[in-house]
2 protein chains.
Amino acid sequence: MTHEPPGPDNRRSRRPSTIRDVATLAGVSKSTASRAIMGQGGVSPENMEKVRRAVEQLDYVPNQIARSLNASSSAVLGLFLRHTRSPFYAHLASAFEEHAAVEGYEVMSLASGDQPDDANYRSLMLMADMRTAGIVVAAPNVDPRTIRQVASRIPLVLVSQMGQPSNPGVPYVAPDPREGGTLIDHVAGLGHRSIALLSFSPEQSPTQWARISWMRDELEHRGLLAGLKRIEPDQDLTDVVGELHRAGATAILCPHDSVAFDALAAAARQGLSVPGDLSIAGYDGVPPFDHEVFGLTTYRIPVEAMAEAAVKLIDDLVHDNHVDAGGILLRGELISGRTVGPPPAGPDTTDAS
Amino acid sequence: MTHEPPGPDNRRSRRPSTIRDVATLAGVSKSTASRAIMGQGGVSPENMEKVRRAVEQLDYVPNQIARSLNASSSAVLGLFLRHTRSPFYAHLASAFEEHAAVEGYEVMSLASGDQPDDANYRSLMLMADMRTAGIVVAAPNVDPRTIRQVASRIPLVLVSQMGQPSNPGVPYVAPDPREGGTLIDHVAGLGHRSIALLSFSPEQSPTQWARISWMRDELEHRGLLAGLKRIEPDQDLTDVVGELHRAGATAILCPHDSVAFDALAAAARQGLSVPGDLSIAGYDGVPPFDHEVFGLTTYRIPVEAMAEAAVKLIDDLVHDNHVDAGGILLRGELISGRTVGPPPAGPDTTDAS
DNA sequence: CTGTTAGCGCCTTCAA
DNA sequence: TTGAAGGCGCTAACAG
C-alpha cells in the first residue's frame with residue numbers, strides 16, 4: 001500500500017471568511033466593504049473594484065443569519081409540516097416551494113412528526129428566530145394557543161386539510177367545507193343506501209376526524225350510515241372490511257387514499273370484488289394516489305391552489321397589505337375512478353330507481 | 001351586523017422579549033440572567049427564582065439563532081433534498097428526521113428543486129450560516145465542487161440513490177452498487193431474453209442515469225438488451241411502450257416506480273396484459289409504491305437504513321469521531337410483485353430451459 | 001456569586 | 001465618499 005496523499009480532507013479547515021477579512025484585504029473599512037457588497041452605491045469605483053476582487057479571492061459569502069439578526073426580516077419563509085412522509089404534505093410542500101420561489105422566497109421546512117406541542121412551539125420559534133419573513137403552518141396537531149402565540153410575533157398563515165380551523169384571527173387557506181358532500185353525493189347518487197366510514201382517532205388527526213365526523217352526521221341525516229369503524233395506523237383491515245360488508249355496507253369511505261388502498265387489499269383478501277361487491281373511496285386525491293392506473297375514486301383536495309393562495313397570503317401579510325381576518329376557501333374536485341360503482345343488486349333494491 | 005370586537009389581532013404586536021428584558025425585570029445583569037437560564041449553576045437561589053419568574057411573565061424564549069451565532073454550532077441538522085415531492089425523498093426525509101430526533105437533533109430541510117447550482121450553493125451556505133451542526137445532502141444535482149466547498153466548512157454527508165458518488169473525501173451513504181444486477185437477475189432468470197430500459201436524460205437525474213447506464217452495459221454484456229428509450233418527465237408512454245413491445249421486448253425496466261406505473265397505464269392502453277404480454281419493473285420500492293395492492297415488481301432502496309446510517313455518520317463527524325473517508329454501502333432487496341412474470345411463449349423460446 | 005467587557009458577523013446611523 | 005461607533009441577542013472570559 002502506497003503512502004496516502006494528504007488528500008481532500010475529511011476534516012474542516014479554514015473558517016469562512018468574514019466581511020472583516022474582505023475589508024482588510026481590500027484595504028478599506030468594514031463599512032465600506034459592506035456598502036460595496038450591498039451595492040447600494042456611495043462607494044468610489046476604485047474601492048468598489050478592490051472589494052469585488054477581495055470577495056472573489058476569499059470566496060466570501062455574507063452570513064445570511066448574522067445579516068438577518070439586525071435586519072429584522074429575511075427572504076426566507078418557514079414551512080411547518082405535520083409529516084414529511086405523507087404524499088399530501090409532500091405535495092403541498094413542493095407546490096409551496098415552487099410558488100414561493102416565484103416571489104423570491106427561499107423556503108425552509110421543519111416537520112412536527114409526533115413531537116409534543118411544546119416542541120412544536122420551539123420549532124416555530126426557531127423559525128421565527130432566524131427572522132423568517134413569515135411562517136406557514138400545515139400541521140393540524142399544533143395547539144391553537146401555540147399558533148396564536150407565534151402569530152402575534154410573526155406573519156403566520158394556516159393551511160388546513162379541511163374547513164375553517166379554530167384559530168380566530170389567523171388567516172387560513174382551506175378546502176371549502178361545503179364541498180364535503182361531494183363524495184357522498186357521488187356514492188349515494190349511484191344508489192348506495194348503506195355507506196360505512198373508516199376513521200382514525202381524533203388525537204391521531206384532528207383534521208380527518210373533523211372531516212369524518214361531518215360525513216357521519218351527513219350520512220346519518222340522510223339515513224345512509226352503515227357505521228363508523230375506528231382504525232389504527234398500519235392496522236390490517238381484512239377483518240374490518242369483512243365485517244362491514246357482512247353487516248350490509250355496500251360502500252366504504254376512507255379517511256385518506258392510503259387507507260383506501262389498504263381497504264382494497266383487504267377486500268381482495270376477503271374475496272370481494274371492487275366495485276362489484278363493494279365500493280371503496282379515498283380522500284385527498286394527491287399524486288401518486290391519483291394515478292390513472294390505480295383508478296381510485298377519491299376527492300381531490302386542491303393542494304396546488306392552496307399552496308399558491310398560502311404564498312399570496314403570507315406575502316401580503318409580510319408586506320402589510322390588507323388581509324382578510326378570515327380565510328380563503330377553495331374547491332377541490334371529485335375524481336371518479338373505478339373503485340366506486342353501483343351497489344350489487346340485492347334483495348332490497350326495490351327503491352333504487 | 002354588530003360592532004366587531006377589537007379581536008385577536010391580525011397584525012403583530014409586542015416584539016419578542018429579549019434576555020435584556022428579563023434581566024431588567026428580574027433586576028439582575030444580562031449575564032446572570034443568561035446563566036440562570038442556561039441552568040449551569042453559579043447563581044444564587046434568589047436570583048434564580050427572580051429570573052425564572054421574569055422569564056415566565058414575559059414568555060421569554062431564547063433566540064436560538066443569536067445563541068448559535070457565537071456558539072459555533074447548534075443542535076440543528078440541515079437536510080438538503082433534491083425534491084420534496086418524490087416519495088423517495090419524502091420517505092428519506094421522514095426517516096432521517098426520526099433518527100435525528102433520537103440523537104437530539106432538530107432537522108431543517110431545504111429543497112433544491114430545479115434551481116441552478118449557484119442557488120444550491122447559497123442554500124447550503126444558508127444552512128451553514130445558521131450554524132447547523134452538519135449538513136446531509138441528498139440531491140444528486142448539486143455540483144461536486146459545491147459539495148467540496150461546503151464540506152470544507154462544515155460536517156457534510158452525502159446520501160445517494162446509487163453507488164459511490166464522485167466526491168472524493170466526502171463520506172457517503174449509498175446502496176451497494178453490486179446489487180445493481182438483482183433486478184436483471186430476476187427478470188433474466190424468468191427467461192426474458194429481450195429487455196428494454198427507459199431513462200431520463202443525464203441532466204434530469206445523474207443518479208438514475210448512472211443506474212440505467214450500468215444496467216444497459218450489463219444487459220449488453222449478457223446479450224439481453226432490447227434497447228434504451230430516452231423519455232421526458234410527464235411524457236405519455238403509450239407509443240414508447242407500444243414500440244418497444246413490437247420491437248420484441250418482453251420486459252421493460254423503469255428508472256423509478258412512478259414511471260413504472262406510467263408504463264403500466266400505457267401497456268393497458270395498448271391492450272397489452274401485464275405480465276402476460278409484457279413484464280414491467282420499477283425501481284425504488286418506497287411507500288406508497290410498494291403497496292401490496294399494486295403488486296409492483298421493483299428493487300427497494302434501503303431508505304430507512306440509509307437514513308439511520310446518515311445520522312450516525314453526521315453525528316460522528318460532528319463529534320470528531322473517526323469517519324471512514326469512504327462511505328457506507330447498504331443492500332436493498334428485490335420486491336417480487338405481479339408485474340413481472342415469464343415472457344410470453346414465442347416462436348423462438350427454444351433455448352429457454 | 002455577580003456585573004462588566006468583549007465579540008459572534010453584519011448593517012446602519014453619525015460625523016468627518 | 002469614508003471610517004468609527006453602536007447595536008441585533010446572546011454567551012464567555014474576566015474581574016470584582
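The sequence lines fix the lettering, A, B, ..., with proteins before strands; numbering per chain opens at 1.
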B/Ser17 side chain vs B/Leu58 backbone, donor-acceptor pair below 3.5 Å: yes
Basic-acidic side-chain contact under 4.0 Å: B/Arg85, A/Glu304: yes
N-O pairing of A/Asp114 and A/Arg82 below 4.0 Å: yes
Straight-line distance of A/Ile135 CD1 to A/Arg153 CZ, nearest 0.5 Å: 11.0 Å
Under 4.0 Å protein heavy-atom contact, by nucleotide of nucleotides 7-12 of chain C - B base, S sugar-phosphate only: BBBBBB
Atom-to-atom span, CG of A/Asp129 to P of D/dC10 - whole angstrom: 8 Å
Phosphate contact (C/dC1 OP1 or OP2) by B/Asn47 side-chain N/O below 4.0 Å: no
Euclidean distance, B/Leu313 CG relative to B/Asp316 CG, rounded to 0.5 Å: 6.5 Å
Presence of B/Ser29 side-chain N/O under 4.0 Å of C/dT2 phosphate oxygens OP1/OP2: no
Value in whole Å for how far the C1' atom of D/dG9 lies from CG of A/Leu126: 15 Å
Lys/Arg N to Asp/Glu carboxylate O, A/Glu56 vs A/Arg53, below 4.0 Å: no
